Amino acid sequence: MGTNSLTPCTSTKPNKQVKSDCICERVAEISTEAVDSNKENMSVLNDIEVGSFVAAVYEKAWYIGQVEAKDDDDGDVQINFMENAKQMFKWPQTKECVWCDADDILCEVKTLQPSGKSMRLFKLNPDEKENIEVLFQFRKM
């Protein structure tokens with residue numbers, strides 16, 4: 001992603017050890033949804049609109065980004081990725097646009113909200129962030 005490297009998103013509590021049983025339980029809750037979404041590449045492209053925010057996998061980590069363009073013929077989406085800023089997200093100084101396969105999209109992000117005095121930082125609802133992390137863990141299995 002250019003010369004700037006993105007900081008991979010991590011758990012909201014980085015020092016907390018997540019037991020594999022806990023992950024397996026959460027995966028069981030959403031596994032049907034995750035498997036169905038991964039199987040239906042074209043469905044993802046149809047459901048995601050240009051301008052919407054998504055959680056997507058890039059270089060073995062997940063990031064939040066905004067869909068800039070779609071290529072329905074090739075099944076690709078162009079995503080402008082945000083950087084991880086502690087427990088929030090922000091736009092990098094240099095735009096980080098990457099073409100990704102629609103299968104790399106974990107989900108559409110619904111709860112991203114501006115935060116702070118300058119409104120330059122964005123935060124996710126903790127439940128949505130946890131769901132993204134579970135989807136990412138499920139994908140790695």
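As the structure is a computational prediction, the values presented were derived from the model and not from experiment.
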Spacing of [X] atom [atom1] and [Y] atom [atom2] [to the nearest 0.5 Å]:
X	Y	atom1	atom2	result
Lys129	Ile64	NZ	CD1	8.5 Å
Leu112	Phe89	CG	CZ	7.5 Å
Met82	Leu121	CE	CG	8.5 Å
Arg120	Lys90	CZ	NZ	10.5 Å
Trp91	Glu96	CH2	CD	11.0 Å
Ile48	Cys107	CD1	SG	8.5 Å

Indicate the atoms forming the closest heavy-atom contact of [X] with [Y], along with that distance.
X	Y	result
Ala61	Phe136	CA-CZ, 3.8 Å
Ile79	Gly65	CG2-CA, 3.7 Å
Lys95	Asn80	CG-OD1, 3.3 Å

Handout entry: side chain to side chain contact (heavy atoms under 4.5 Å, CB included) against Gln78, all qualifying residues, sequence neighbours excluded
Key =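 Only Glu68, Ala69, Cys97, Trp99 meet the side chain to side chain contact (heavy atoms under 4.5 Å, CB included) criterion with Gln78.
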Is there a donor-acceptor contact under 3.5 Å from the side chain of [X] to the main chain of [Y]?
X	Y	value
Asn125	Asp127	yes
Glu128	Thr111	yes
Gln66	Gly51	yes

Exercise for the section: Find out whether Lys70 and Val50 are in side-chain contact, i.e. whether some heavy atom of one side chain is under 4.5 Å from a heavy atom of the other. Expected result: yes
Practice task
Side-chain contact test, heavy atoms from C-beta onward, threshold under 4.5 Å: evaluate it for Val54 versus Leu106 and give yes or no.
Solution key: no
Practice task
Inspect the contact between Asp104 and Arg139 and indicate whether a charged nitrogen and a carboxylate oxygen are less than 4.0 angstrom apart.
Solution key: yes
Practice task
Treat each ILVMFWY residue as a node, draw an edge where side-chain heavy atoms are under 4.5 Å apart, and state whether Tyr63 and Met88 are in one component.
Solution key: no
